[in-house]
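Single-structure report; data block below.
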2 protein chains.
Amino acid sequence: MNTRETPGPGPRVTMIDIARHAGVSKSTVSLVLQASPLVKAETREKVVASIEQLGYVYNRGAANLRSARSNIVGMVINDLANPFFAELAVGMEHVFHTAGYIPFIANTTENPKRQAEVLRSMSEHDIAGLIICPARGTKPADIESLAGLSVPIVLAMRRLAGRKFSSVTPDNLRGARRATEHLIALGHKRIAFFGGYSDMIAQNDRCGGFQAALIAAGLPIEPDLIIEGPPNRECGLNAVGRVLDRAEPATAALCFNDVVAFGALSGLERRGLTAGRDFALVGFDDVSEARHTNPPLTTVHVDTAALGERAAHQVLRMIHGDTRPEEFVSDVDLVVRASCGAEGGRRQ
Amino acid sequence: MNTRETPGPGPRVTMIDIARHAGVSKSTVSLVLQASPLVKAETREKVVASIEQLGYVYNRGAANLRSARSNIVGMVINDLANPFFAELAVGMEHVFHTAGYIPFIANTTENPKRQAEVLRSMSEHDIAGLIICPARGTKPADIESLAGLSVPIVLAMRRLAGRKFSSVTPDNLRGARRATEHLIALGHKRIAFFGGYSDMIAQNDRCGGFQAALIAAGLPIEPDLIIEGPPNRECGLNAVGRVLDRAEPATAALCFNDVVAFGALSGLERRGLTAGRDFALVGFDDVSEARHTNPPLTTVHVDTAALGERAAHQVLRMIHGDTRPEEFVSDVDLVVRASCGAEGGRRQ
DNA sequence: TCTCGAATTTGGAACGTTCCAATTCATAGA
DNA sequence: TCTATGAATTGGAACGTTCCAAATTCGAGA
């Protein structure tokens, strides 16, 4: 009687088994699974009952073979341990989910080889669309191959020189410029930039905004105050030492992102210094932890969730046939907290 | 001459096309793709060249149809926005990656319906194994169905009553007990517990450890000092008010996890209070942000990456045929920082 | 040159679905 | 009762791979 919960790895239950069990043809079962209005309600119920009873699982591989229309979208993230990207991913997921797509996330940990494997695996699995935050060193060609397969692709956070891809990015240049202007207004003359590599476009933009502000204020650009490094805690931690142990120590720094700033916070602490009093520190991203650091971090606010949602909407638009690339740049905002030494927490 | 970079969505390139192009049979192409030692080097090269030239992508769906052996493993996470789970995921990924598996992550945001969809999608795609941090309210049966399919499953962080699944968890009970003992030793008598729901096993364990310590010290258990709620910032923020606005306010709290503690930190701040001076606060997990909060958070240290790695190794073991379930409980450690009011940062 | 075994290669039958054209079934109107 | 029409259902041919048994090629010894 109770055939359910068939245990063990017995041979896979197929549509044909269902058909036999329900006394219909495999075609009918297929129609039921596609919620076709063609089947009579009564028949549908019989079939559904059999499916339930035999514990059938749909084989999407086989289905895609005949008619490729997948409902999974890929999200390839370069650093999931960075809360910023986690927040970004959550924004994307929300949109995909309500649109009926299942997002699968893969983490590349900033490793192009791993990224290549992940992309390969995703394309082998016939994804409907892709959002990617490219790992450092990604070349347009690495992604091109997927695009050639006519998979809709949107770049998030990092654009790629060359071919026109759709992308969403915060206004890195403007954000960095504003942050730097703020530090200058507070009287700082030797301001450092921590983190990122000059071969990353995002770093170029942020560091570019930084330099633009210095130039506009008539301050010199001192190359050894620009400390390159991976965008992680470690980097910020080390950078502090570099700019403090020189003849003319820096008095402030703009960080490539909040995570670097967190590292810098540790670096200062380790030397017995306090951000905001002994050194002005500004981050970028405004991840949710930023307001809880010690001291709270002044940073460039990015509307992360909205950015993720925008990227997801772009992919959906492309999936639905509108393939024009769109480069979206979202506005940003400086949030002044204690780490830069400006008292008060007003938001400008 | 240059057939590469074939643009446009033209019909899919298949093994048969490669075979024709290279002047061999499809079987040979198949052998090449499986890196079989049977094919002559020379032939292999011809085939590889054709693959390269025509821009072929392997169709894993079709392959799985004939012989199911997938190289993707699923990781189903209940809250990716919680840095703890992000760190956990990173640990798992590392192991899978070096073992040649591609991990795909899905986020359920603690929503059982979404979890069901994700699990369904993953099983439809023929995963080789699965690690899941079950969403609140998950019933063994929800996962059972997958297990019936003989997919190796490991539960992470949250066990499930009933059937014997493999699992990895930190020693929640002991950790919570130690943390509570520490607060008691500092002289606190009215200690609250923030966050989690009593229908979550992890909460039972942590809250159980908390209560055990109270009882051992001869302190009463006051039900309205146990504030249930989702394990997020919001919850911690609100909980502070609840335990402070009563006739006999609590003077300390153990939080279900660090994220709840971060919220509690905000809650205190909002009332002009400082953790460590006006109220003792302890978290659980020791996410990497915990040392940077204001003040730094005393918390129960969990070796997150190791836990993730352990889970991944268990899945691999099961994939390789050893299906005995194993329940692994990892040791934990109290890390004393400033938020609990014990001066100094010694680690006990 | 012939023979034999080992080394390579190959055609065709699966695998579990979807799609199409065609069939069967019911119902209403004549 | 018969027919026409629309509603439901159905068989078989794909889809792109792997596996198997069988076929072919190669090289060395007789």
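Residue numbering restarts at 1 for every chain, and letters A, B, ... go by the order of the sequence lines. These numbers come from the heavy atoms of this one structure, side chains and all, not from hydrogens, waters or symmetry mates.
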On DNA chain C, does the nearest nucleotide to T28(B) precede the nearest nucleotide to A62(B) from the 5' side, or the other way round? Give the residue. T28(B)

Rounded to whole angstroms, how far apart are [atom1] on [X] and [atom2] on [N]?
X       : N       : atom1 : atom2 : result
K40(A)  : dA8(D)  : NZ    : C1'   : 7 Å
N59(A)  : dC15(C) : CG    : C1'   : 9 Å
H125(A) : dG16(D) : NE2   : P     : 17 Å

Taking atom types as they are modelled, is there a donor-acceptor pair under 3.5 Å from the base of dT17(D) to the side chain of R66(B)? no

Decide yes or no, distance alone: a donor-acceptor N/O pair under 3.5 angstrom between the base of dG11(C) and the side-chain of S27(B). yes

Using a heavy-atom cut-off of 4.0 Å across all strands, would you classify L31(A) as base, sugar-phosphate, or nothing? base

Under 4.0 Å, counting only non-hydrogen atoms across every strand here, what does S67(A) touch: a base, just sugar-phosphate, or nothing? sugar-phosphate

Return the nearest nucleotide to the side chain of [X]; candidates are [options].
X      : options                   : value
Q34(A) : dG16(D), dT18(C), dG16(C) : dT18(C)
S30(B) : dT18(D), dG16(C), dT17(C) : dT18(D)
L65(A) : dT10(C), dG16(D), dA13(D) : dG16(D)

Partner of R136(A) under side-chain hydrogen bond (donor to acceptor under 3.5 Å, both in side chains), chosen from N78(A), D79(A), D199(A): D199(A)

Identified side-chain contact (heavy atoms from CB on, under 4.5 Å) counterpart of H21(B) within the set I51(B), L54(B), I16(B): L54(B)

Has D17(A) got a side-chain atom pairing as donor or acceptor with T14(A)'s backbone, closer than 3.5 angstrom? yes

Between Q115(B) and T138(B), do the side chains contain an N or O donor and an N or O acceptor separated by less than 3.5 Å? yes

Give a yes/no on whether any side-chain N or O of T14(A) is located under 4.0 angstrom from OP1 or OP2 of dG16(C). no

